[in-house]
Amino acid sequence: MAVSPRDGQQLTLSDIAEMAGVSRSAASRALDRRSPTRGAGADRVREVAMRLGYVPNSLAANLRLQRSGIIGVVVPRLTDTVMAMLYEAIVEDCNARGVHAEVITTGDDPRVALERGRSLIAQRIDGMILTTARTDGADPLLSELRDIGMPFSLAMRSDGTSSAAVVDDRAGARAAAEHLLENGHKRIAFVGGPKYASSSQQRELGFRDALTSAGIEVAPELIFDSNFSMEAGGMAAQRMLALAHAPTAVLTANDSLAVGLIAVAQRAGVTVPSDLSVVGYNNTPIAAHLAVPLTSVNVPFSDMAKNAVDLLLSPPPVPEIRMTTPSLVVRNSVSSMK
């Protein structure tokens with residue numbers, strides 16, 4: 001079935017091939033200015049490309065022939081402590097290999113990712129590590145990397161098809177929720193990240209696993225989506241505390257959410273942990289230094305970074321998920337209901 005141009009989205013070689021009714025490799029050969037193929041199919045490809053204004057990336061033919069010793073790292077934002085920690089771990093691993101890592105930020109906006117990603121491609125980088133993967137398919141940068149044949153790997157998040165270095169988020173969140181259950185909590189909330197982030201999806205699944213195994217029904221009103229920020233954690237706290245039957249405990253999908261949630265809860269007169277127990281995720285440095293040190297799931301960023309660089313520089317024959325194991329760091333933010 002033919003496709004048509006999509007508003008606001010960059011056409012890819014795969015789109016041109018589908019509209020011309022040929023394979024992607026045939027479309028690539030037809031548009032190769034050095035030795036274009038002939039025939040009716042090739043003519044259709046060139047006609048479609050000309051009509052729609054598609055211009056092949058001139059770097060594609062050279063990507064496999066040149067080595068710059070530079071890789072790109074794509075992150076949503078460096079004001080996010082988790083992404084800053086992961087980027088630093090990637091830089092450290094790259095330095096040990098004699099490779100330079102250059103970062104761009106996207107604000108988790110796919111259009112910005114494509115625009116700034118192209119600026120990296122123009123620098124003749126050897127590949128990219130992306131921490132911005134989405135499971136909703138709205139990722140034109142990934143599509144373009146595939147089209148031009150640039151090596152890439154994913155870190156922290158997965159898109160479900162590409163090679164990725166991740167942590168076992170489902171197991172980490174399950175351990176955190178089980179810790180709350182072991183302390184007698186039954187009405188437990190979960191504050192997650194964006195729906196398109198696999199990390200948040202897996203953490204919510206782990207949370208649900210623990211409650212279901214304990215025979216506790218997951219209350220829909222106690223599941224909150226967010227954008228991983230402190231501000232979003234504060235908004236979740238406001239909604240949570242407005243419930244007729246507030247939770248006694250909450251698991252957040254990262255420490256920033258926990259910090260924002262705790263700040264708003266305390267301003268509302270709620271004491272942590274005696275009134276509300278809180279567990280975070282990622283064990284960022286702030287967790288241990290809060291007025292009430294935060295129990296959090298520790299993520300081995302250095303292992304994840306090494307896996308991401310390995311997958312980029314030595315790609316496996318088929319896409320592979322390399323998973324590291326998290327651990328729960330118990331501090332003082334959980335009280336016992338027993």
Side-chain angles (χ1 to χ4, degrees), residues 79-89 131 155-157 166-183 185 188-193 197-211 222-224 226-234 236-237 240 247-266 270-305 323-336:
T79 51
D80 182 331
T81 304
V82 171
M83 292 302 168
M85 292 172 69
L86 179 57
Y87 174 59
E88 288 180 357
T131 69
M156 186 63 75
R157 303 183 196 169
V166 297
V167 68
D168 191 345
D169 285 312
R170 190 166 185 168
R174 177 167 184 152
E178 287 174 344
H179 177 64
L180 292 170
L181 292 165
E182 289 164 1
N183 278 278
H185 296 276
I188 307 172
F190 175 79
V191 182
S198 65
S199 53
S200 182
Q201 294 168 9
Q202 292 298 308
R203 291 167 197 180
E204 182 176 338
L205 285 174
F207 169 81
R208 290 178 178 273
D209 288 344
L211 268 65
L222 295 184
I223 303 295
F224 303 89
S226 76
N227 60 12
F228 286 134
S229 69
M230 291 185 190
E231 291 77 12
M240 194 181 303
T248 65
V250 57
L251 168 61
T252 62
N254 73 1
D255 289 349
S256 292
L257 288 168
V259 170
L261 185 147
I262 290 170
V264 168
Q266 289 179 331
V270 175
T271 302
V272 176
S274 57
D275 297 327
L276 180 67
S277 292
V278 183
V279 178
Y281 205 104
N282 290 318
N283 194 34
T284 52
I286 195 172
H289 298 285
L290 294 173
V292 178
L294 180 67
T295 294
S296 185
V297 177
N298 185 66
V299 170
F301 289 103
S302 59
D303 293 343
M304 190 189 308
M323 193 174 289
T324 55
T325 303
S327 57
L328 185 67
V329 179
V330 177
R331 296 192 177 96
N332 306 114
S333 60
V334 175
S335 64
S336 175

V82/Y281 under side chain to side chain contact (heavy atoms under 4.5 Å, CB included): CA gap, chis, key distance, verdict: CA-CA 10 Å; V82 171; Y281 205 104; over 6 Å; no

Check: P285 and M85 side chains under 4.5 Å, non-hydrogen atoms: yes

Side-chain heavy-atom pair T81, D255 within 4.5 angstrom cut-off: no

Side chain proximity check, L328 to T295, heavy atoms < 4.5 angstrom: yes

S274 side chain reached by T271 side chain, heavy atoms, under 4.5 Å: yes

Separation of D169 CG from R157 CZ (nearest 0.5 Å): 11.0 Å

From E88 atom CD to M83 atom CE, the distance as rounded to the nearest 0.5 Å: 13.5 Å

Which atom of A237 lies closest to which atom of A265, heavy atoms considered: CB-N, 4.4 Å

Distance-only polar pair, side chains of S277 and S335, donor-acceptor under 3.5 Å: yes

Side-chain donor-acceptor contact under 3.5 Å, N227 with S229: yes

Steps toward side chain to side chain contact (heavy atoms under 4.5 Å, CB included) verdict (V329, S296): CA-CA 5 Å; V329 179; S296 185; 5.5 Å; no

Heavy-atom pair of closest approach, residues A258 and G280: CB-CA, 4.3 Å

Point-to-point distance, once rounded to the nearest 0.5 Å, from CG of N254 to CG of N283: 12.5 Å

Shortest non-hydrogen contact from L251 toward A173: CD2-O, 3.8 Å

Point-to-point distance, once rounded to the nearest 0.5 Å, from CG of L205 to CZ of R208: 8.0 Å

Inter-residue atom distance I188.CD1 - L222.CG, 0.5 Å rounding: 9.5 Å

Candidates N332, V292, L294 - the one meeting side-chain contact (heavy atoms from CB on, under 4.5 Å) with P273: V292

Shortest non-hydrogen contact between V297 and G172, atoms and distance: CG2-O, 3.6 Å

Check against side chain to side chain contact (heavy atoms under 4.5 Å, CB included), F207 and I223: CA-CA 10 Å; F207 169 81; I223 303 295; 3.7 Å; yes

Considering all heavy atoms, the nearest L211-A177 contact: CD1-CB, 4.3 Å

Heavy-atom side-chain proximity of V167 to N282 below 4.5 angstrom: no

Side-chain heavy-atom pair L180, N183 within 4.5 angstrom cut-off: no

Residue pair F228 / S199: nearest heavy atoms and the distance that separates them: CZ-OG, 3.8 Å

Derivation and outcome, side chain to side chain contact (heavy atoms under 4.5 Å, CB included), residues T325 and D168: CA-CA 6 Å; T325 303; D168 191 345; 5.5 Å; no

Test item: F190 and R203 side chains (from C-beta on) under 4.5 Å apart, heavy atoms: yes

Reported CZ-to-CG distance for the pair R174 and L181, which is rounded to 0.5 angstrom: 10.0 Å

